[in-house]
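A note on names: the letters A, B, ... follow the listed sequences, proteins ahead of strands, and every chain is numbered from 1. If you're wondering where the values come from, they're calculated on a predicted model, not measured in any experiment.
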Amino acid sequence: MILSIASGKGGTGKTTIAVNLALSLGTVQLLDCDVEEPNAHLFLKPVISYRHPAYVPIPKIDYQKCTYCGKCAEVCAYHAIAALARSEERRGSVLVFPNLCHGCGACSLLCPEKAITETNREIGTVEIGQAGEIQFIHGRLNIGEAMAPPLIKKVKQYLNPAQTVILDAPPGTSCPMVTSVKGSDFCLLVTEPTPFGLNDLVLAVETVRALGVPCGVVINRSDIGDDQVKLYCRDENIPILLEIPFERKIAELYSTGIPLVTARPKWRERFQKMFSQIQAMSGVPQ
Amino acid sequence: MKQVLIISGKGGTGKTALTASFAVLAGKKVTADCDVDAADMHLLMHPRIREKHEFRSGFKAVTAKDKCQSCGLCRNTCRFQAIREDFTVDPLTCEGCGLCARVCPAGAIHMEENRSGEWFLSDTPYGTLVHAKLGIAEENSGKLVVKVRQAAKEAAEEEGADFILIDGPPGIGCPVIASLGQIDLAVVVTEPTLSGLHDLLRVEELTKHFKVKTGVVINKYDINPQVADEIESACRKRGTLILGRIPFSESVSHAIVAGIPPVSYRDPEISERITAVWEKIKQELV
């Protein structure tokens, strides 16, 4: 079963839920797909055994074959190639802007002179390791790289659907979150009972519905705001699977990288119970 | 005119609450909400929309069933697995490269311009607000951010504003990079946790990479004064400005629930600390 943990609003407690769920369930995979700012390793402290650089393809021009016809620039939807035709005054030139390239392959496929091949550009690293019974995988995007989804896809390549997979998604509702949550059997949306929490939860629910993934809600810091989130969930028939009241002590433990279930073992049972409910709701055979 | 960007790396550290508070304090200013896929500024600033604009960016492939010969070339060529088994296109996965349309032997695929979202120019009790809403699961958050920035700059020039205050997105990816252009000071809001410190170091590497002057505010610092000290120590080593510390207070959540920027709410210590941070920011901008 693939269970993703997402939100909409940042800082609601996705990593807290993902980490504590994984620690409560035993032999699982935990995929930290927040490749821009991965945090799960700070709590799980995995022993990393493999480190792979992650690459995306970018075009490489063979200037012996290139006639500066400009076809590549014409077919590039992202303006990642600019071509200047040769003239009497100057040689032609073709310029590639790697940061704009989506790796679609159009330029290399459609170049009439077969002058474009693809070469690899490193965008980040995938790290794989073990934290007790948990198989841990995360990605770290190189600083200055704009696009998270290609690295998220590389992390997801290690996903083993035959196991229980807990997937920590990035915040937001756009392509990094979508790439992470797509294909999940269930998505747990973590929120807080404030206008920000509600506003962003509504967006997140719309997104997971568009992805066809069933969802449930966890309300973190459940006693610090108002009841609008609860009312919304009731109106939309979205199950609230866990409520965690605010406790300064829990925040302090979090600040030092100590998981909740390590400090308060009674919480294991609550996370296990929630997981059983999710299994029942998502229709994945147990 | 000075442009101040408020970012965090880690989500949920208090960017929006602080940006709205600066908007209360800042005199002649324009405010921009660049957290386009989970925008929350409007919940504290209560805009009356003056202008609404459609945002169109990129394309999506659409297949015509009547022309399709089911040859499968499109599915084999698409690098993003965006074409389903029935040869319809999944708009959530399609990256709009257009290669399928070019290779289809039956001319059964065309590209449609994508309506990705909207942006707004609004009046608020705290001055002009430029804000946006990205469509569900859309890409191109970076392009919409650029649009919002442009509109904010134009409004600021028209009004003779002294400041543009920009509520930024979490993370380090394309929407953050798009927010960093022409910024006079990047204010990184962090929290005294291992996650906060980890993410701060990454986003700060990004601002330094783009040669943007950077300062740090430690929010909720008393949750872990030791980690707060570590953060300040790291800043000093790296030549990052320390703009101030704000204590944790439940009154901030109450302010947000009430729809009031925390600096204007009932907690004098919080008001004083936020004001001190703003004064420090102004000093650094001279």
Side-chain angles (χ1 to χ4, degrees), chain A residues 7-13 15 34 36-39 42-43 57 75-78 102-106 109-110 141 143-149 170-178 182 192-196 199-200 203-204 206-207 210-211 221 224-226 246 248 251-252 254-257, chain B residues 8-13 16 36-40 43 58-59 77 79-80 92-93 95-99 102-103 111 134 136-139 141-142 169-178 191-196 198-199 202-203 205-206 209-210 220 223-224 227 248 250 253-254 256-257 259:
Chain A
S7 58
K9 185 179 189 320
T12 51
T15 299
D34 187 356
E36 294 179 37
E37 298 283 20
N39 285 161
L42 299 170
F43 300 89
V75 304
C76 180
Y78 312 106
H102 281 224
C104 72
L109 193 65
L110 299 174
L141 191 67
I143 306 292
E145 284 301 324
M147 292 190 251
T173 57
S174 64
C175 45
M177 181 261 203
V178 169
K182 190 165 197 269
E192 59 180 44
T194 66
F196 291 1
N199 183 73
D200 299 355
L203 299 170
E206 276 181 54
T207 309
L211 286 171
R221 298 183 277 254
I224 56 141
D226 59 27
F246 174 76
R248 194 177 170 114
E252 289 169 4
Y254 170 85
S255 75
T256 56
Chain B
S8 59
K10 188 180 186 322
T13 55
T16 301
V36 297
D37 67 326
D40 289 332
L43 297 167
F59 296 86
T77 314
R79 292 269 178 97
F80 311 109
L92 293 177
T93 313
E95 296 202 13
C97 71
L99 185 52
R102 289 182 191 273
V103 303
M111 304 304 291
L134 190 66
I136 292 302
E138 284 293 343
E139 299 178 16
S141 32
I172 54 158
C174 75
V176 180
I177 294 172
E191 57 179 42
T193 65
L194 290 191
S195 309
H198 173 274
D199 296 357
R202 280 173 66 80
V203 77
E205 209 185 307
L206 183 69
H209 176 83
F210 287 103
K220 308 178 247 194
I223 294 292
N224 194 324
V227 176
F248 172 79
E250 287 188 31
S253 301
H254 300 149
I256 292 169
V257 169

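A:Pro38 touches chain B through backbone and side chain together, each having a heavy atom under 4.5 Å away. The contact between A:Leu110 and chain B is made entirely by side chain atoms (from C-beta outward), counting heavy-atom distances below 4.5 Å. Using a 4.5 Å cut-off between heavy atoms, B:Ile177 contacts chain A through its side chain alone, with no backbone atom that close. Only the side chain of B:Val227 comes within less than 4.5 Å of a heavy atom in chain A; its backbone stays farther off. Of the two parts of B:Ser195, the backbone and the side chain both hold a non-hydrogen atom closer than 4.5 Å to a non-hydrogen atom of chain A. Only the backbone of B:Ala39 has a heavy atom closer than 4.5 Å to any heavy atom of chain A. Heavy atoms closer than 4.5 Å to chain B are found in both the backbone and the side chain of A:Phe196. Residue B:Val176: no heavy atom, backbone or side chain, is found under 4.5 Å from chain A. When heavy atoms are compared at a cutoff of 4.5 Å, A:Glu145 approaches chain B solely by way of its backbone atoms N, CA, C and O. Interface remark: B:Ile223 contributes backbone and side-chain atoms alike to the contact with chain A (heavy atom separation under 4.5 Å). Heavy atoms closer than 4.5 Å to chain B are found in both the backbone and the side chain of A:Ala251.
Not a single salt bridge (charged side-chain N to carboxylate O under 4.0 Å, His left out) links B:Glu138 to another residue, sequence neighbours left out. Applying the salt bridge (charged side-chain N to carboxylate O under 4.0 Å, His left out) rule to B:Glu139 yields no partners; only residues at least two apart in sequence or on another chain are considered.
Options B:Gly96, B:Pro175, B:Ala178, B:Gly259 differ in how many heavy-atom pairs under 4.5 Å they form with chain A, and the most are formed by B:Gly96. Contact count versus chain A (heavy atoms, under 4.5 Å) is highest, among B:His209, B:Met111, B:Glu191, B:Glu95, for B:Glu95. Per-residue counts of heavy-atom pairs under 4.5 Å with chain B were compared for A:Leu109, A:Thr207, A:Leu211, A:Asp226; the largest is that of A:Thr207. No other option in B:Thr77, B:Thr93, B:Val36, B:Thr13 has as many heavy-atom pairs under 4.5 Å with chain A as B:Thr93. Among A:Ala77, A:Pro149, A:Pro195, the residue making the largest number of heavy-atom pairs under 4.5 Å with chain B is A:Pro195. Ranked by non-hydrogen atom pairs under 4.5 Å with chain B, the options A:Asn199, A:Val178, A:Leu203 are led by A:Asn199. Contact count versus chain B (heavy atoms, under 4.5 Å) is highest, among A:Leu42, A:Asp34, A:Thr15, for A:Leu42. Between chain B and the residues A:Gly8, A:Pro171, A:Gly103, A:Ala148, the most heavy-atom pairs under 4.5 angstrom are made by A:Gly103. Here B:Lys10 is the residue among B:Glu250, B:His254, B:Lys10 with the most heavy-atom pairs under 4.5 Å with chain A.
Once rounded to the nearest 0.5 Å, the distance linking CD1 of A:Ile143 with CD of B:Glu205 reads 4.5 Å. Rounded to the nearest 0.5 angstrom, B:Leu206 CG and A:Glu36 CD are separated by 9.5 Å. Here NZ of A:Lys182 is found 7.5 Å from CG of B:Leu92. Values are rounded to the nearest 0.5 Å. To the nearest 0.5 angstrom, B:Asn224 atom CG is 6.5 Å from A:Thr256 atom OG1. A distance of 4.0 Å separates CG of B:Asp37 from OG1 of A:Thr173, quoted to the nearest 0.5 Å.
Of the possible polar contacts, one joining the B:Arg202 side chain to the A:Leu141 backbone as a donor-acceptor pair under 3.5 Å is found.
Ring planes of B:Phe80 and A:His102: perpendicular class, angle over 60° (limits at 30 and 60°).
Nearest heavy atom pair, residue A:Ala210 against residue B:Ile136, reads CB-CG2, 4.4 Å.
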